[in-house]
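Order of the sequence lines fixes the chain letters, A, B, ..., with proteins taken first and strands second; residue numbering starts at 1 for each chain.
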Amino acid sequence: MKRHVILGGTRGMGRSVARKLVERGDWVALLGRDGAELEKSAADLKARGAPGVRVTTALCDLERPDTFRPALEAVEQALEGLDVVIVTAGLFATQEQLEADPSLAQRVLSVDFANTVLFCEEARKKLLLRGGGTLCVFSSVAGDRGRKPVVLYGAAKAGLSAYLEGLDHRFKSQGLTTVCVKPGFVKTQMTEGLKAPPFAGEPDEVADVVVKGIDEGTPVVYAPPIWRAVMSAIKAMPRFVMRRVKF
Amino acid sequence: MANDRLAGWGRQFQPGRELLTEDLERAPRVLFRGLGRSYGDSALPPAGSPVVVTTTRANRIIDFDESTGVLRAEAGLSLKEINRTFLPRGWFLPVTPGTQFVTLGGAVAADVHGKNHHVDGCFGHHVTRLKMHVADGRVLECGPDQERELFLATVAGMGLTGQILEVEFPLRRVPTPWIWQETERVPDIDTYVQKLAEAAHGWPMTMGWIDCLSRGKNLGRGIVMKGRWAQAHEAPTQFPAEPPNLRFPIEAPELLLSSLSVKAFNVAFYWKHLARKREGLVSPWTFFYPLDFVKDWNLMYGRRGFTQYQCVLPREAGPEAARRFLEVLTSRGGASFLCVIKDCGPESPAFLSFPKPGISIALDIAVRDGTQQLVDALNEHVIKEGGRIYLAKDSYTRPEHFRAMEPRLEKFLDVRLRWDPNLTFRSAQSVRLFGDPA
Ligand SMILES: Cc1cc2nc3c(=O)[nH]c(=O)nc-3n(C[C@H](O)[C@H](O)[C@H](O)COP(=O)(O)OP(=O)(O)OC[C@H]3O[C@@H](n4cnc5c(N)ncnc54)[C@H](O)[C@@H]3O)c2cc1C
Ligand SMILES: NC(=O)c1ccc[n+]([C@@H]2O[C@H](COP(=O)([O-])OP(=O)(O)OC[C@H]3O[C@@H](n4cnc5c(N)ncnc54)[C@H](OP(=O)(O)O)[C@@H]3O)[C@@H](O)[C@H]2O)c1
C-alpha cells in the first residue's frame with residue numbers, strides 16, 4: 001500500500017488515476033479548490049476502493065500558493081505519511097482566447113507554470129524530508145515544441161517539463177523520483193468542444209499508463225503512448241514547415 | 001467531443017451534437033443522452049435545436065451501503081462499471097438489459113427489463129429515489145413515495161419529463177458470480193412458447209432465441225435458456241474472466257447481409273446446439289451480455305443501419321399469438337439475425353413502461369427501402385392483438401399506431417405537460433410520435 005496525494009483528482013484524468021489507485025488498495029488524499037466537489041469525489045473513491053482504503057481531502061487552490069503547504073501537511077497527517085504526490089490540476093484556454101485576454105493569459109501562465117512549480121517545490125521538500133518518494137506531474141505534449149495553436153499554454157508547459165527534468169537530475173540520487181506525464185489530446189472537460197484529432201485518448205486508458213509510469217518511476221510518460229511517436233515527428237519538422245502547418 | 005451527426009445504436013444518423021459534462025446540474029436544459037444504446041431516435045435531439053447533453057462523464061458513486069446494498073450514483077454511471085466494481089464483492093444489478101453499455105439514466109428512462117422480468121419486473125421497479133432537474137429550474141427528488149406522478153412519468157419517460165441527475169436503488173446479493181444455465185433446443189414456435197412458460201415457474205431468469213426465417217413446421221424453432229445464480233458448492237472460486245475486447249472492424253458492405261447469409265447464420269445457430277439439452281456453469285458475461293463480446297457490432301449492418309422491432313403480445317391473445325406474428329413477419333420476407341423471445345410479467349405502474357404479461361419478441365431489421373412498410377404491417381398486426389412496441393428500440397412507428405397501442409399515453413402527456421409546459425425536453429422521437437414542435 002502506498003499513500004498518494006492528488007491535486008486535481010476531482011475530474012478528468014486525475015479522477016481516473018485516483019480510482020485506479022484506490023481499487024488496488026492504495027490510500028489517496030484529494031486536494032482541490034471546491035470543498036463540496038472534493039467530498040463527492042472522496043465518497044466515490046471510498047465506494048470503489050478496496051476494503052480498508054483510506055481517503056481524505058484538503059482544500060488547495062493552485063491560484064493561491066499560500067494554501068500549498070498547509071494542504072500537504074494536513075493530508076500527510078491524515079494518511080500518516082506520504083509516498084507519491086501527483087499533480088493533474090491545470091488550466092487550459094485556446095490560443096485565440098489567450099491572445100484576446102491578457103488577464104486570462106496571466107492566469108494560465110501562472111497556474112500552469114509558476115504556481116505548479118511552487119507546489120512541486122513544497123511537495124519535493126516534504127518527500128525528501130521523508131527520505132524520498134515520487135512526484136508525478138502532468139505537463140503536456142504542448143510543451144514539446146512551440147506550435148501555432150498552443151503558443152502560450154505550450155510555453156508554460158515547456159517550462160514545467162524543463163523544471164521536472166531538472167528535478168530529476170538534481171534529486172534522483174537523494175530518492176526523489178520524478179515522473180513527467182505528457183498527455184496528448186485526451187477527451188476531458190478541458191478539451192470539450194475542441195475537435196478531437198486522431199489518436200485522442202480516454203482518461204481511463206491514460207490512467208493505466210500513468211499508474212504504470214509511477215510504479216516504475218519512468219521519467220517521461222507519453223499518454224496515450226502513441227503520442228511519443230507523434231511528437232518525435234513534429235519535433236523533427238523543419239521550421240519552414242512548422243510555419244505553414246496548422247498544428 | 002464536437003460532432004455534427006448523431007445516431008442511436010441502429011446507426012441512422014441525423015444532424016446533432018453532443019455536449020459532454022461532468023456537472024449535470026449545471027448542464028443546459030436539453031434532452032439527456034446516455035451511452036446511446038437505444039436503437040432508434042429516443043436519444044436524438046429535435047431537428048430544430050440539434051444538441052443533447054451526454055451524461056457519461058457524470059459517473060461518480062454518491063454512496064454505497066454495504067449492509068443494505070443501496071447504491072446511489074450519478075446518472076451517467078454505466079452498468080458495466082457497476083458490475084466491474086461490485087460483482088467481485090458479491091453484488092449484482094436487480095435488473096439488467098442485454099448489454100452492460102447502458103447508463104443508469106438510460107436504464108431508468110427506458111425502464112429496461114431483463115431475463116428476470118417475469119419475477120422482478122423492470123429496472124424502475126427497484127428505484128427508490130431519483131434526483132432530477134426539471135424544466136422550471138428546480139432540482140428535486142422523486143420516488144415511489146415522493147412526487148409519485150413525476151416519478152411514474154420519468155421511469156420509462158424517455159427523458160421527456162426532465163433530467164435525471166442521480167439514481168438510487170439496491171444492488172442484490174448473489175451467492176457466486178457464476179450462472180447455472182440450462183438450454184434446450186425446441187422444434188417450433190408453439191413448443192417454444194410452452195417451454196418458456198414452464199421455465200418461468202422454476203427459474204428466476206429465462207429467455208431464448210429463435211430462427212425466424214424457417215417456415216412451415218419449423219417456424220420458430222429455437223433455443224430456450226434458463227438460468228440462476230450458481231451456489232458456492234457448484235462454482236469455481238475464481239472470478240469469471242471479463243470478455244476480450246473484440247471490435248467489428250469496418251462498416252460492412254450490404255452484401256454481407258444478403259438473405260442467404262442471414263439464413264446460413266440462423267441454421268448454424270440452431271444446429272450448433274447439437275444436443276437437445278445442455279446444462280452447466282457459464283460466466284455472467286456470456287449469460288447476460290453475449291452481444292457485448294464484439295464492440296461496435298452494429299457496423300455489421302452497413303451504411304444504412306438497422307432498426308430493432310420489439311413488441312409485446314398480451315397473454316389474452318393466447319399462446320398462438322407468437323406464431324401469428326412470425327407468420328406475418330415471414331410472409332413479408334422480414335429477414336433477421338436472431339430473434340429474441342421472452343415472456344413478461346406484470347405491467348409496471350410507470351405510465352409508458354413497455355412490458356406487460358404476455359410474450360415479447362425482438363428482431364433486428366436491416367434498413368432497406370421497404371422498412372417503413374414492414375414496420376407498419378407489423379404494427380397493424382400488433383394493434384389487432386392488443387400489443388404494443390418498445391420506444392427504446394423504435395424509429396419507424398407512426399403516431400396514430402402508437403396511440404392505438406398505448407391507452408396510457410394521455411396520462412403520461414398530461415403529467416409531462418404539468419412538469420414541462422413549454423416542452424423544454426424534446427427528442428427526435430417525441431417530435432415524431434407525440435407531435436412536439438421540432
Ligand atoms: C445489444 C443491446 C441489448 C439490449 N437489450 C435490452 C434488454 O434486454 N432489455 C431492455 O429493456 N433494453 C435493452 N436494450 C436497450 C437499452 O437497454 C436501452 O435503450 C437503454 O435506455 C440504453 O441506455 P443508454 O444509457 O444507452 O441511453 P440512451 O440510448 O443514450 O438514451 C435512452 C433514453 O434515455 C434517456 N436518458 C438517458 N439518460 C438520461 C438521464 N440521465 N435523464 C433523463 N433521460 C435520460 C434519453 O433521453 C433517451 O430517451 C438493449 C440495447 C442493446 C444495444
Ligand atoms: N485533456 C487534454 O487533452 C490534455 C492534454 C495535455 C495536457 N493536459 C494536462 O493534463 C492535466 C489534466 O487535464 P484534464 O484534461 O484531466 O483536466 P480537467 O478534466 O479539466 O481537470 C482538471 C482538474 O484540475 C483541477 N483544477 C483546475 N484548476 C485548479 C485550481 N486552480 N486549483 C486546484 N485544482 C484545480 C480541477 O478541479 P475543479 O473541479 O476544482 O475544477 C480538476 O480536478 C492538466 O494539467 C492539463 O493541462 C491535458
Side-chain angles (χ1 to χ4, degrees), chain A residues 8-16 18-25 28 30 32-34 36-53 55 57 88-89 94 184-208, chain B residues 1-5 17-28 35 51-78 80-91 101 104 131 139 165-168 171 239 245 295:
Chain A
T10 49
R11 294 194 277 114
M13 293 183 261
R15 179 188 284 187
S16 295
R19 285 176 177 170
K20 290 254 139 56
L21 295 171
V22 295
E23 277 169 13
R24 68 179 195 184
V28 167
L30 294 177
R33 55 187 166 171
D34 181 331
E37 283 298 304
L38 286 173
E39 283 319 309
K40 271 194 165 178
S41 287
D44 176 62
L45 295 178
K46 279 182 202 148
R48 290 168 184 261
V53 157
V55 179
T57 67
T88 64
T94 62
F185 190 102
V186 181
K187 296 176 192 164
T188 67
Q189 209 67 31
M190 191 171 272
T191 51
E192 178 58 20
L194 304 179
K195 195 168 165 348
F199 317 120
E202 292 289 342
D204 282 345
E205 50 176 319
V206 168
D208 283 331
Chain B
M1 191 182 40
N3 216 340
D4 32 31
R5 275 179 359 138
R17 202 161 54 80
E18 26 177 13
L19 225 108
L20 281 92
T21 177
E22 279 155 337
D23 189 352
L24 295 183
E25 203 167 319
R26 260 169 264 170
L35 278 159
V51 182
V52 292
V53 167
T54 293
T55 62
T56 49
R57 275 185 203 155
N59 56 10
R60 282 185 295 197
I61 295 170
I62 306 290
D63 189 45
F64 178 65
D65 184 334
E66 276 294 341
S67 60
T68 58
V70 173
L71 176 70
R72 189 184 179 102
E74 292 175 332
L77 184 67
S78 70
K80 184 175 169 66
E81 274 287 288
I82 295 176
N83 289 339
R84 191 180 67 78
T85 308
F86 293 102
L87 188 56
R89 298 195 219 165
W91 299 95
F101 295 101
L104 283 178
K131 183 174 171 183
V139 170
L165 306 175
E166 293 174 9
V167 178
E168 184 192 275
L171 294 176
F239 191 74
N245 238 325
K295 302 264 140 53

- Check whether B:Leu77 gets within reach of chain A through its side chain, its backbone, both or neither, counting any heavy atom under 4.5 Å. side chain

- For B:Val139, side-chain contact (heavy atoms from CB on, under 4.5 Å) partners two or more places apart: B:Glu25, B:Lys131, B:His133, B:Leu165

- Query: Out of A:Ala47, A:Gly12, A:Ala43, which one racks up the most heavy-atom pairs below 4.5 Å with chain B?
  - Reply: A:Ala47

- Counting N and O atoms only, with roles assigned by atom type, does the side chain of B:Asn59 sit under 3.5 Å from a partner on the main chain of B:Gly76, one being a donor and the other an acceptor? no

- Task: Can you tell which part of A:Ser41 gets under 4.5 Å to a heavy atom of chain B, answering side chain, backbone, both or neither?
- Result: both

- Item | Engaged part of B:Glu66 at the chain A interface, taking heavy atoms whose separation is under 4.5 Å | neither

- With a 3.5 Å cut-off and no angle check, do the side chains of B:Asp23 and B:Thr21 form a donor-acceptor pair? no

- Partner chain B: residue of A:Lys46, A:Glu23, A:Glu39 with the largest heavy-atom pair count (under 4.5 Å): A:Glu23

- Message: For A:Glu37, give me all partners under salt bridge (charged side-chain N to carboxylate O under 4.0 Å, His left out), at least two apart in sequence or on another chain.
- Response: B:Arg60

- Query: Which bit of B:Thr85 is near chain A, if near means a heavy-atom gap under 4.5 Å: side chain, backbone, both or neither?
  - Reply: side chain

- Query: Using 30° and 60° as the class limits, which term best fits the ring planes of B:Phe86 and B:Phe64: parallel, tilted or perpendicular?
  - Reply: tilted

